[in-house]
Amino acid sequence: MTTTATVRPGDPALQAAESGSLSTTELAAVRADFPLLERTVRGGKPLVYLDSAATSQKPQVVLDTEVDFYEQRNAAVHRGAHQLAEEATEAFEQARAAVAAFVGADEGEIVWQPGATAAINVVAYAFSNATLGRGGEAAARFRLAPGDEIVVTEAEHHANLVPWQELAARTGAVLRWIPVADDGRLDLSGLDSIVTERTRVLAFGHVSNVTGAIAPVATLVAAARRVGALTVLDACQSVPNMPVDLHELGVDFAAFSGHKMLGPTGVGALYGRRELLEAMPPTVTGGSMVEVVTMEATTYAPPPQRFEAGTQMVAQAVGMGCAAEYLGELGMAGVARHETELAAEMLKIADIPGVRVIGPLDTADRLAVVSFVVDGVHAHDVGQVLDDKGIAVRVGHHCAQPLHRRFGVAATARASASVYTTVEEVVAFREALAGVRAFFGAE
Amino acid sequence: MTTTATVRPGDPALQAAESGSLSTTELAAVRADFPLLERTVRGGKPLVYLDSAATSQKPQVVLDTEVDFYEQRNAAVHRGAHQLAEEATEAFEQARAAVAAFVGADEGEIVWQPGATAAINVVAYAFSNATLGRGGEAAARFRLAPGDEIVVTEAEHHANLVPWQELAARTGAVLRWIPVADDGRLDLSGLDSIVTERTRVLAFGHVSNVTGAIAPVATLVAAARRVGALTVLDACQSVPNMPVDLHELGVDFAAFSGHKMLGPTGVGALYGRRELLEAMPPTVTGGSMVEVVTMEATTYAPPPQRFEAGTQMVAQAVGMGCAAEYLGELGMAGVARHETELAAEMLKIADIPGVRVIGPLDTADRLAVVSFVVDGVHAHDVGQVLDDKGIAVRVGHHCAQPLHRRFGVAATARASASVYTTVEEVVAFREALAGVRAFFGAE
Amino acid sequence: MSTLEQMYQQVILDHAKYPVGRGLVDLASVEGHLAGESHQVNPTCGDEVTLRVDVTPEGSVAGVSWEGQGCSISQASVSVMTSLVEGADLDEVARLDGLFHDLMSSRGKGLGDDDAEDALGDATAFTGVSQYPARIKCALLGWAALKDSLARSGALATS
Amino acid sequence: MSTLEQMYQQVILDHAKYPVGRGLVDLASVEGHLAGESHQVNPTCGDEVTLRVDVTPEGSVAGVSWEGQGCSISQASVSVMTSLVEGADLDEVARLDGLFHDLMSSRGKGLGDDDAEDALGDATAFTGVSQYPARIKCALLGWAALKDSLARSGALATS
Ligand SMILES: Cc1ncc(COP(=O)(O)O)c(C=O)c1O
Ligand SMILES: Cc1ncc(COP(=O)(O)O)c(C=O)c1O
Ligand code: FES
Ligand code: FES
């Protein structure tokens with residue numbers, strides 16, 4: 001599928017990357033794969049894109065793969081007697097296998113979804129539909145009773161918080177949460193009193209999209225297992241930026257999005273342990289997820305199809321598969337090391353007078369996502385001044401209002417990196433940031 | 001947006017099309033816009049694609065628009081302080097306006113969805129979430145009580161049947177349906193005893209994806225209004241193939257998919273009257289659909305954002321907007337006339353010995369979707385022989401098992417057209433079909 | 001002047017730093033006056049303003065006070081608006097509101113109408129903001145709060 | 001021979017037309033025999049087969065009968081399978097099942113093993129089907145029903 005990638009597996013440069021980070025030449029080769037990075041903004045300034053945690057840019061090979069799908073084999077999958085349908089189905093299922101391999105899962109454990117948000121909602125609705133009696137005997141594990149508890153963390157993205165609040169509201173279950181410590185990491189001191197026999201689900205983010213902190217997955221999974229709770233991992237920020245092996249992590253469910261991992265918009269994946277997917281009632285219903293339909297009743301197909309109602313985002317799935325292969329060929333260990341270097345460079349902004357970083361100040365167990373406030377200047381104004389220099393950062397609450405409230409701020413500005421980000425870009429960002437307070441007369 | 005379309009508005013050829021059908025030259029120009037149509041299959045045979053009711057092919061301009069989005073302005077929408085985010089947001093919202101204009105709706109009434117299936121599920125879950133107490137006072141209209149009835153038809157695609165079955169199962173409401181007559185049209189003789197004071201929702205397909213029959217929307221809407229029921233129109237097959245003005249039709253909700261109307265996979269739209277969208281609780285929750293989020297509770301953004309949780313399928317929405325413009329420029333009245341001609345050609349298969357058409361045999365109030373069975377030959381075997389001649393039709397129950405059961409068949413083969421289909425293709429199909437029984441020694 | 005400098009005019013930076021009308025004033029109603037309060041949130045960023053208005057029996061704005069949290073554009077805009085509408089009658093306020101909305105839709109071009117721009121006074125400094133679609137809502141936040149608080153005061157119904 | 005003709009071999013067309021074992025036979029159990037029934041649906045098309053198997057005390061297939069609705073490939077396949085397994089012992093059935101699955105994964109290439117193809121007999125006529133991914137499930141439907149009915153008969157546990 002990766003017919004035009006500049007960087008290829010087996011490339012000696014890449015082998016080097018396996019032990020170190022990306023070299024300057026490798027990085028240049030990677031950047032050349034991303035057409036958007038050549039853009040200029042605000043009157044001819046080169047773009048410095050530091051908003052990859054919101055959405056990543058796409059390599060040419062992903063775009064080409066998607067277009068090639070449309071031009072050569074676009075058809076409805078899983079049902080055709082014709083050649084196009086056969087070819088489309090094959091591309092679609094090969095993409096599933098590629099994504100599964102990339103995150104250490106089996107093919108049958110990967111369910112295509114429009115995105116991570118939708119994926120988390122599928123699990124939350126499985127619980128409420130089971131609680132309303134759907135799914136029969138098999139779904140007993142997903143049935144909630146009064147007094148049951150759902151545990152999240154104070155660091156969650158709204159995508160991994162609001163669906164659980166809503167589930168609690170729909171079922172009468174109680175939502176509890178693990179607090180965040182001053183350094184931006186989870187405060188596990190009260191873990192045993194939060195994750196208890198009453199806990200049925202523990203949902204948490206692998207990497208915070210605000211602080212960049214990596215959660216202690218092993219500790220949390222162990223706590224959940226001890227009490228028989230199911231774990232749901234929001235892997236949106238980890239899968240694109242570090243090696244992730246879901247079987248090794250031992251979580252029950254995980255969700256991640258294509259658009260953050262160099263893939264197309266409109267596609268993501270839900271991972272679920274096979275046995276759990278088998279037991280779960282569907283959320284979205286319609287065509288292609290059924291076995292026998294009468295006007296009176298319907299029986300459901302086995303997973304993953306059970307959770308893939310209607311015509312799927314086939315071209316995007318194929319694109320996401322290609323993105324997974326592209327990252328796999330680069331080698332995620334090298335990518336992670338590259339991002340650690342970038343994180344170190346980013347964290348130097350803490351030395352700029354008036355700049356306060358929200359989250360860990362060291363590079364241990366964190367990725368290159370750095371949120372900060374500037375004394376006396378609103379985050380949106382900070383972002384605007386950076387934008388004027390061609391530097392794209394994100395401003396606002398980054399869909400994590402409770403975490404911002406925890407640090408007493410309404411909004412932060414955030415710089416975030418991806419595999420194509422360079423140290424030079426981070427330096428340009430730092431320099432521009434150093435001038436912001438002066439612009440607003442805040443010094 | 002339509003920078004490379006061969007056919008342009010104001011083109012004198014097109015003006016002609018407004019009064020008649022598409023001329024041979026116009027059709028040739030249209031076909032040249034669709035790269036996949038140049039493909040050959042099964043050892044060099046030209047492709048005759050008669051599976052557009054499953055998914056349509058895409059014009060170059062849609063592919064180019066999507067790629068251009070990724071290469072020039074890919075960013076997260078609605079939140080950026082940077083130029084890319086501004087441009088992405090503008091493209092996204094312009095696409096919404098284009099789709100709204102295409103179906104006679106206001107911008108604020110169009111909610112992006114992954115597809116029509118998801119869109120219908122959003123409405124069905126609004127009812128069940130409201131019934132569970134979500135959405136407060138405003139959502140009273142969506143609360144179901146025991147004895148309340150949901151009405152569908154026997155002709156529905158599973159996408160407009162199973163979500164309502166599930167809603168009934170979740171809430172205790174009762175599902176009823178309008179039967180189908182022998183000619184494949186709805187049997188409205190018992191309408192008044194089916195749509196009654198107990199009816200809360202009437203969900204029906206605009207055009208059947210099996211019989212091609214156009215439903216009598218005005219009659220059904222009037223029946224629903226008389227009893228205060230809300231109407232949900234499955235417009236999947238109408239929007240791509242005939243002029244549709246949702247305000248004029250007077251339905252409360254409608255759903256349609258991008259991939260069937262020359263747009264990308266992975267995107268569709270939910271239409272809802274503004275007042276109803278304002279009153280509806282959300283289904284999928286997460287980022288970008290909220291106002292204030294605390295760990296304890298969340299308030300929701302106004303529509304359409306309330307129903308657009310998480311990162312949206314931005315590139316695909318932009319592509320769907322472009323597809324709507326492309327069709328709009330062609331003129332849907334001309335497209336519909338073209339398809340009526342094709343339907344007439346297709347229906348001549350009824351003269352082939354052993355061929356039985358399921359659905360209306362005349363071209364009044366029907367589109368170019370023709371399903372049929374061949375005496376003594378299973379639909380899948382029919383499809384395989386046609387495929388060997390390069391003719392792609394669909395086989396199976398087309399996600400409408402109850403309708404197939406109504407006609408005593410498990411599966412049919414189906415030929416369906418789109419704007420790029422030619423009479424010559426239909427003739428080739430007829431000729432190939434005439435040889436099928438001989439191949440299997442069924443004569 | 002760069003487009004950034006066009007947005008962050010000195011007038012705006014000054015108002016953001018030294019806002020007019022900031023600090024909510026008690027609405028213990030003056031005899032015959034109508035009073036209203038509104039809380040508005042900009043959903044794209046979570047910023048907010050709470051605004052109180054006091055209207056004379058004759059239908060003119062006796063006073064505006066507010067409290068808010070937001071970017072310099074939003075804070076400056078509510079401040080400029082406060083100076084502009086104090087003493088104005090409700091028709092004039094409606095006209096100013098219309099003009100300011102038009103200005104925000106002008107994509108940096110301004111109103112091209114000297115009378116209108118004279119009427120808007122310092123508020124014309126926001127012309128540059130209209131080049132930044134993401135910031136238009138910032139500039140309109142205070143105006144939305146004013147309109148809503150007037151509606152809530154009951155003053156619009158009587159005028 | 002075109003790939004289509006490779007798929008629709010005469011053997012297949014004949015078996016589809018004159019199927020072996022069609023028509024369910026009552027399983028009123030013969031002394032000491034084990035019997036089982038299975039109903040399988042091909043979810044992609046909704047076609048189905050119901051199959052009954054009768055196993056001797058010595059562990060060989062005494063009889064297979066079935067009823068089904070489906071395409072020529074599925075009907076012919078269950079028919080060919082019926083002729084093939086009648087009289088075979090359970091190890092032989094398991095081996096044939098494995099070989100047939102291998103054949104179906106061969107993408108039209110066949111097994112390249114004369115012994116194996118001899119064992120499969122008429123069932124090698126399905127080699128062409130394996131070039132059509134969408135049809136492989138058709139050919140396997142009957143085999144799935146046989147395996148499941150054997151499991152349900154309890155014969156597998158005792159063998
Ligand atoms: C009539 C009808 N309704 C609903 C659908 C479902 O649309 P989608 O699969 O795009 O969600 C389809 C197409 O599959 C259809 O033809
Ligand atoms: C940590 C985290 N979780 C969940 C999401 C939601 O993902 P999506 O918007 O792609 O559904 C995001 C990104 O927006 C994220 O950063
Ligand atoms: S950024 Fe929030 S009001 Fe301006
Ligand atoms: S098509 Fe149904 S079994 Fe072959």
Side-chain angles (χ1 to χ4, degrees), chain A residues 35-36 39 41-42 54-55 57-58 63 67 70-71 74-76 79 81-84 114-115 117-118 121 132 154 157-159 162-163 165-166 169-170 177 257 259 264-267 284-287 290 293-295 298 309-311 313-316 380 383-384 387 392 395-396 399 401-402, chain B residues 35-36 41-42 54-55 57-58 63 67 70-72 74-76 79 81-84 114-115 117-118 121 132 134 157-159 162-163 165-166 169-170 177 257 259 264-267 284-287 290 293-295 298 309-311 313-316 380 383-384 387 392 395-396 399 401-402:
Chain A
L36 187 134
R39 243 204 85 150
V41 288
R42 298 297 179 214
T55 200
Q57 299 307 334
K58 326 297 176 200
L63 304 182
V67 167
Y70 283 129
E71 292 188 349
N74 176 60
R79 235 149 248 267
H82 57 78
Q83 187 179 347
L84 286 184
T117 301
N121 275 269
L132 290 169
E154 200 181 8
H157 188 282
H158 296 161
V162 187
Q165 283 182 342
E166 286 289 313
R170 287 195 300 269
W177 55 91
S257 286
H259 71 94
T265 55
V267 63
V284 180
T285 58
V290 301
V293 180
T294 65
M295 291 308 289
T298 291
T311 305
M313 61 306 281
V314 185
Q316 292 75 40
H380 222 297
Q384 203 79 56
D387 166 61
V395 296
C399 298
Q401 289 182 18
Chain B
L36 186 134
V41 289
R42 297 297 177 215
T55 200
Q57 299 306 335
K58 326 299 176 198
L63 304 182
V67 168
Y70 283 129
E71 292 188 350
Q72 295 300 326
N74 176 59
R79 236 147 248 263
H82 57 77
Q83 186 178 346
L84 287 184
T117 300
N121 275 270
L132 290 169
R134 308 305 297 149
H157 187 282
H158 296 162
V162 188
Q165 283 182 341
E166 286 290 313
R170 285 195 301 268
W177 54 90
S257 285
H259 71 95
T265 55
V267 63
V284 180
T285 58
V290 301
V293 180
T294 64
M295 292 307 291
T298 291
T311 304
M313 59 307 279
V314 184
Q316 292 74 40
H380 221 295
Q384 202 78 57
D387 166 61
V395 297
C399 299
Q401 288 182 19

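FYI, side chains are in, hydrogens and waters are out, and symmetry mates aren't considered; it's all heavy atoms of this structure. Order of the sequence lines sets the chain letters (A, B, ...), proteins ahead of strands, with each chain counted from 1.
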Which portion of A:Q165 sits near chain B, non-hydrogen atoms under 4.5 angstrom: side chain

With respect to chain A, which residue among B:Q384, B:H157, B:R134 yields the maximal number of heavy-atom pairs within a distance under 4.5 Å? B:R134

If you count heavy-atom pairs within less than 4.5 Å of chain B, which of A:V284, A:V67, A:N121, A:L132 leads? A:N121

For B:H380, the side-chain hydrogen bond (donor to acceptor under 3.5 Å, both in side chains) test, sequence neighbours excluded, returns D:R135

Largest heavy-atom contact set with chain A, pairs under 4.5 Å, which of B:G383, B:A309, B:G287, B:A315: B:G287

Testing the basics here: between B:P402 and A:T294, what is the closest heavy-atom pair and its distance to 0.1 Å? CG-C, 4.1 Å

If one checks every heavy atom of A:P114 against chain B at 4.5 Å, the contacting part turns out to be side chain

If you take all heavy atoms of A:P264 and B:Q316, which pair is closest and at what distance? CB-NE2, 4.5 Å

Tell me, for B:R170 versus chain A, whether the close heavy atoms (under 4.5 Å) come from the side chain, the backbone, both or neither. both

Heavy-atom pair of closest approach, residues B:T265 and A:V314: OG1-N, 3.6 Å

Among B:G266, B:G115, B:G396, which has the most heavy-atom pairs under 4.5 Å with chain A? B:G266

Answer key: most heavy-atom pairs under 4.5 Å with chain B among A:V395, A:L63, A:V267, A:D387 is A:D387

B:H158, B:M313, B:E71, B:Q83: which one forms the most heavy-atom pairs within less than 4.5 Å of chain A? B:Q83

If you take all heavy atoms of B:A392 and A:H82, which pair is closest and at what distance? CB-CG, 3.4 Å

State, to 0.1 Å, how close A:Q401 and B:V290 come at their nearest heavy-atom pair, and which atoms those are. NE2-CG2, 4.4 Å

State whether a side-chain donor-acceptor pair under 3.5 Å links B:T285 with A:E166. no

Distance-only side-chain donor-acceptor flag, B:Q57 / A:N74, under 3.5 Å: yes

